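Predicted model, so just to flag it, every value in this text is computed and none were measured.
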2 protein chains.
Amino acid sequence: MATLVELAKKGVVTKEMKFCAEYEKRDVDYIVEGLIKGTIVIPANVFHRERGDFSPRAIGKGLKTKVNVNIGTSGDIESIDLELEKLRVALKYGTDAVMDLSTGKFIDETRKAIVENSPVMVGTVPIYQAAKEAAEKYGFIGKMTVDDIFAAIEKHCRDGVDFITVHCGVTLSSLERLRNEGRIMNIVSRGGALIAEWMVYNEQENPLYTHYDRLLEIAKKYDVTLSLGDGMRPGCIADATDRCQIEELITLGELVDRAREADVQVMVEGPGHVPLDQVEANIVLQKRLCHEAPFYVLGPIVTDIAPGYDHITGAIGGAIAAKAGADFLCYLTPAEHLALPDVEDVRVGVIAARIAGHAADIVKGVPGAIEWDIEMAKAREALDWERQFELAIDPDIAKKYREERKPQEDEKTCTMCGKLCSIKRVEDYLKGK
Amino acid sequence: MATLVELAKKGVVTKEMKFCAEYEKRDVDYIVEGLIKGTIVIPANVFHRERGDFSPRAIGKGLKTKVNVNIGTSGDIESIDLELEKLRVALKYGTDAVMDLSTGKFIDETRKAIVENSPVMVGTVPIYQAAKEAAEKYGFIGKMTVDDIFAAIEKHCRDGVDFITVHCGVTLSSLERLRNEGRIMNIVSRGGALIAEWMVYNEQENPLYTHYDRLLEIAKKYDVTLSLGDGMRPGCIADATDRCQIEELITLGELVDRAREADVQVMVEGPGHVPLDQVEANIVLQKRLCHEAPFYVLGPIVTDIAPGYDHITGAIGGAIAAKAGADFLCYLTPAEHLALPDVEDVRVGVIAARIAGHAADIVKGVPGAIEWDIEMAKAREALDWERQFELAIDPDIAKKYREERKPQEDEKTCTMCGKLCSIKRVEDYLKGK
């Protein structure tokens, strides 16, 4: 089956392209041109996109900022049902994508269940499974073979996954830079650490880098979008934007070109922990070094000192990043740095990331963005509470607050101001009622 | 008694100035010079500052970003005990200031109890009480006399309040601009709306503007800091930074000069609802138009569509504002736009505002800011959980997450990654353990 990029180049407009154009309130030509240039991707595995309710999203230049929700089991918390419940909540609260990062006992079963139940794109990090199974099979991750890695990758693609994170840019040269850099934290990317472990043990170059063409072949076969992982992303504010991180980004930029030449869709992942004054620079650099490939960032979080609140530190960085051009925000939950998120963490995380993306979309001129705020403003000015709930990004929470603390003084107002409500008073005298 | 500014000008270094200098890790001369220039204020009522445990804060240029917590009863929720509990929680979670915005039955008693129980500065908005009592006394706010307004102001000052919000810039000219502007929402500042109501009814100029010298006299007598309120602040993103708002800001700038001439400490309040790309401009404008008077912002929130999450929309805007030079952030809670905050809302609100301020302090080079993050990074790299809790902005929440989901696989790691923990693995192989 042809990839969406191949089809776009042949002038074929598919249902996915039309669906995305309609969703974005954009002309379909804009989507098609972006696909051809590589400034836009539509992650849509040939198998996943055949399902009737598949709801693809285009990610990239000029489009609504998208959000991703990470779910998946861990060695400590291994219930598939729990992950499906997280998926349900993530979808209810408007995620554009989910990544299954399972590392528990039933990795295959969990992934299949998530792909089967997800109308939105699904991503995975195949190296997690390869490494876990290698540790079980050989007693040590370093003994994992190149074929083990590619077998895991192909299995994920065959299962209908729409994008995969591959840490192709962790090279011997970047490991050398890491040693010289003097970071406080070395590698905090799980996939990056696993690849590095393999490289150190085997004294060999990263197989995802040396066998990149093999990776492109698999990706092309299933039209899986490559998400080039940033294994060298900073794990704390003080390590941000260092030589190690940026050298990897240069490598990722070169790999973007090669993916595009092969008609494989590709995006690039970014940090991580970044101080406020370096967020914009990180986006500008990525856009330039990676020739405008869609940029997928994790947060970024703007301080390290707030475990329990990283949905907030991430929303701050995410809003600034998205305003500067980041296209895809990976959510962070309150559980980040502490534990595997639960269902409630997922809800809070997806809303926080959507707030960040939307705040940026307003100023990026994304069609429909400011209009949403204007409708809310009108509902507030009219003291129309039902309409405010309808428009709220999370109607359940908004209603809950109001229901719990209903005003007695004047039901049109709220318990904060009561009779002294400015909107109510101005309505009475300034408008001459 | 002399004001701190008068004393500073005479070369007297008071215990408040020393306390603030130590707190800021700054030379006391820096604080003294800032007080003289008016780029720094230390709100400290002559009565409040006499208490033994008074913990003043300097607000302004080059200093740690401060946060304020709004508490106080409303017509619907009138328990003094509840407000004292909010005060206790606000203090526990590190607020630098509280404002008592009470409009319930026992305004005097609530204010006195809050001042009595607060070692940090307390602010109020006297016009709330004046208007509420006028409505009760005369049946209509418009019949409130100028003496009623000033009696309320003096009463608050006599009770030991450290700063008062006074909406002096709502003038007949700004009301005219409001009518011409075509805003979606007119006035959303409660104090601004009350003053405007009085002006419309009486067809007279704002008495806080015409009798500004009387206000300065009272403020000077008690060394109360004036916080010049922005009655014309935008109530939605679409209304931000309009002619009406900026004209008021120009007026406030002129009133800053007059306060400084009278040796009265003064700061300026700002918005409100501001889109991401106008936040910095708002700060630059204020700093220039108000000759670098300390800037106290409410949020700003960067989208209107997230009731229930305005601590997050406010943290995004607050971080950007503080980075651009805002000195003092008024918190927002999840209850904003919906109800009076409860105790839990206060906790979440103060932490969110502190995160925003700290993220900015890191890049503003505030002494001690990045060092905090570096300590946390080291604790993370060492997988030292106890130290991480100690350093967390909210140790209770961080511990709670970890306790609830304790790892079984490997107690040094967490339930997100377990054995695949990047930090653990890198420690094992890259550092050669």
A.B. asks: Start with the C-alpha gap between B:His273 and B:Asp304, add the side-chain angles, then the distance that decides, and say whether side chain to side chain donor-acceptor pair (under 3.5 Å) holds.
C.D. replies: CA-CA 7 Å; B:His273 295 238; B:Asp304 303 329; 2.7 Å; yes

A.B. asks: By a 4.5 Å heavy-atom criterion (distance strictly below it), what part of A:Asp345 contacts chain B: side chain, backbone, both, or neither?
C.D. replies: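 When you check distances to chain B, only side chain atoms of A:Asp345 fall under 4.5 Å.
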
A.B. asks: How about CD on B:Glu280, more than 12 heavy atoms from neighbouring residues, nucleotides or ligands closer than 6.0 Å, or not?
C.D. replies: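 Check fails, neighbour count at 12 or below.
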
A.B. asks: With only heavy atoms counted, which part of A:Pro395 is less than 4.5 Å from chain B, the side chain, the backbone, both or neither?
C.D. replies: neither

A.B. asks: Among A:Gly418, A:Ser74, A:Cys236, which has the most heavy-atom pairs under 4.5 Å with chain B?
C.D. replies: A:Ser74

A.B. asks: Answer with side chain, backbone, both or neither: which region of A:Lys378 has an atom nearer than 4.5 Å to a non-hydrogen atom of chain B?
C.D. replies: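 For A:Lys378, the contact with chain B is made by backbone and side chain together.
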
A.B. asks: By a 4.5 Å heavy-atom criterion (distance strictly below it), what part of A:Ala360 contacts chain B: side chain, backbone, both, or neither?
C.D. replies: both

A.B. asks: Using the side chain to side chain donor-acceptor pair (under 3.5 Å) criterion, which residues pair with B:Glu371? Sequence neighbours excluded.
C.D. replies: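 Result, side chain to side chain donor-acceptor pair (under 3.5 Å) vs B:Glu371: none returned.
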
A.B. asks: So what's closer than 4.5 Å to chain B heavy atoms on A:Leu101: side chain, backbone, both or neither?
C.D. replies: neither

A.B. asks: Using non-hydrogen atoms only, which part of A:Arg380 is less than 4.5 Å away from chain B: side chain, backbone, both, or neither?
C.D. replies: both

A.B. asks: Say you draw a straight line from CD1 of A:Ile316 to NZ of B:Lys323; how long is it, rounded to the nearest 0.5 Å?
C.D. replies: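 Reported to 0.5 Å precision, the distance equals 12.5 Å.
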
A.B. asks: Checking B:Val200 against chain A: side chain, backbone, both or neither under 4.5 Å from a heavy atom?
C.D. replies: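 Only the side chain of B:Val200 comes within 4.5 Å of chain A.
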
A.B. asks: In Å and rounded to the nearest 0.5 Å, what is the CG to CG distance from A:Asp76 to A:Leu340?
C.D. replies: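 Between A:Asp76 CG and A:Leu340 CG, I get 9.0 Å after rounding to 0.5 Å.
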
A.B. asks: Among A:Met376, A:Arg179, A:Glu197, single out the residue with the greatest number of heavy-atom pairs under 4.5 Å to chain B.
C.D. replies: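 Option with the greatest count: A:Glu197.
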
A.B. asks: Can you tell which part of B:Ile351 gets under 4.5 Å to a heavy atom of chain A, answering side chain, backbone, both or neither?
C.D. replies: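 Just its side chain gets close to chain A.
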
A.B. asks: Under a 4.5 Å heavy-atom cut-off, does chain B meet the side chain of A:Val188, its backbone, both or neither?
C.D. replies: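 The answer is both parts of A:Val188.
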
A.B. asks: List for me each residue that meets side chain to side chain donor-acceptor pair (under 3.5 Å) alongside A:Asp410, sequence neighbours excluded, and say none if there are none.
C.D. replies: none

A.B. asks: Which one wins on heavy-atom pair count under 4.5 Å against chain B: A:Gly142, A:Gly308, A:Ala377?
C.D. replies: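 Highest number of pairs under 4.5 Å: A:Ala377.
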
A.B. asks: Please classify the contact between A:Leu338 and chain B as side chain, backbone, both or neither, with a heavy-atom cut-off of under 4.5 Å.
C.D. replies: both

A.B. asks: Quick one: which of A:Gly235, A:Ala238, A:Ser189, A:Ala131 has the most heavy-atom pairs under 4.5 Å with chain B, could you say?
C.D. replies: A:Ser189

A.B. asks: Which atoms of B:Ile77 come close to chain A, meaning under 4.5 Å heavy atom to heavy atom: side chain ones, backbone ones, both, or neither?
C.D. replies: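 Side chain of B:Ile77 only, per the 4.5 Å heavy-atom cut-off to chain A.
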
A.B. asks: If you measure from CH2 on A:Trp385 to NE2 on B:His337, what distance do you get to the nearest 0.5 Å?
C.D. replies: 9.0 Å

A.B. asks: Taking 4.0 angstrom as the limit, do B:Glu390 and B:Arg387 come out as a salt bridge?
C.D. replies: yes

A.B. asks: What part of B:Ile305 gets closer than 4.5 Å to chain A, counting heavy atoms only: side chain, backbone, both or neither?
C.D. replies: both

A.B. asks: Judged by modelled atom types alone, do A:Asp396 and A:Tyr93 share a side-chain donor-acceptor pair under 3.5 Å?
C.D. replies: yes

A.B. asks: Which region of B:Leu178, side chain (C-beta onward) or backbone (N, CA, C, O), has a non-hydrogen atom less than 4.5 Å from a non-hydrogen atom of chain A, or is it both or neither?
C.D. replies: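 Side chain of B:Leu178 only, per the 4.5 Å heavy-atom cut-off to chain A.
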
A.B. asks: May I ask you to name which of A:Ile187, A:Leu420, A:Ile320, A:Asp373 has the most heavy-atom pairs under 4.5 Å with chain B?
C.D. replies: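 Looking at each of A:Ile187, A:Leu420, A:Ile320, A:Asp373 in turn, A:Asp373 comes out on top.
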
A.B. asks: Name the member of A:Ala369, A:Ala319, A:Ala379 that forms the most heavy-atom pairs with chain B at distances under 4.5 Å.
C.D. replies: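 Result: the option with the highest number of such pairs is A:Ala319.
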
A.B. asks: Does the distance from a Lys or Arg side-chain N to an Asp or Glu carboxylate O, for B:Arg405 and A:Asp342, drop under 4.0 Å?
C.D. replies: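 Answer for the salt bridge query: yes.
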
A.B. asks: Let me know if A:Leu276 has heavy atoms under 4.5 Å from chain B in its side chain, its backbone, both or neither.
C.D. replies: both

A.B. asks: Parallel, tilted or perpendicular for A:Tyr309 and A:His311, by the 30°/60° rule?
C.D. replies: parallel

A.B. asks: Relative to chain B, which segment of A:Ile362 carries a heavy atom at a distance below 4.5 Å: side chain, backbone, both, or neither?
C.D. replies: side chain

A.B. asks: What part of B:Met416 lies closer than 4.5 angstrom to a heavy atom of chain A: side chain, backbone, both or neither?
C.D. replies: both

A.B. asks: Atom CD in B:Glu409, atom NZ in B:Lys424: separation rounded to 0.5 Å?
C.D. replies: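 So the gap between those two atoms works out to 11.0 Å.
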
A.B. asks: I would like to know whether B:Asp394 and B:Arg347 meet salt bridge (Lys or Arg N to Asp or Glu O under 4.0 Å); could you show each step before the answer?
C.D. replies: CA-CA 10 Å; B:Asp394 180 351; B:Arg347 182 185 66 77; 2.9 Å; yes

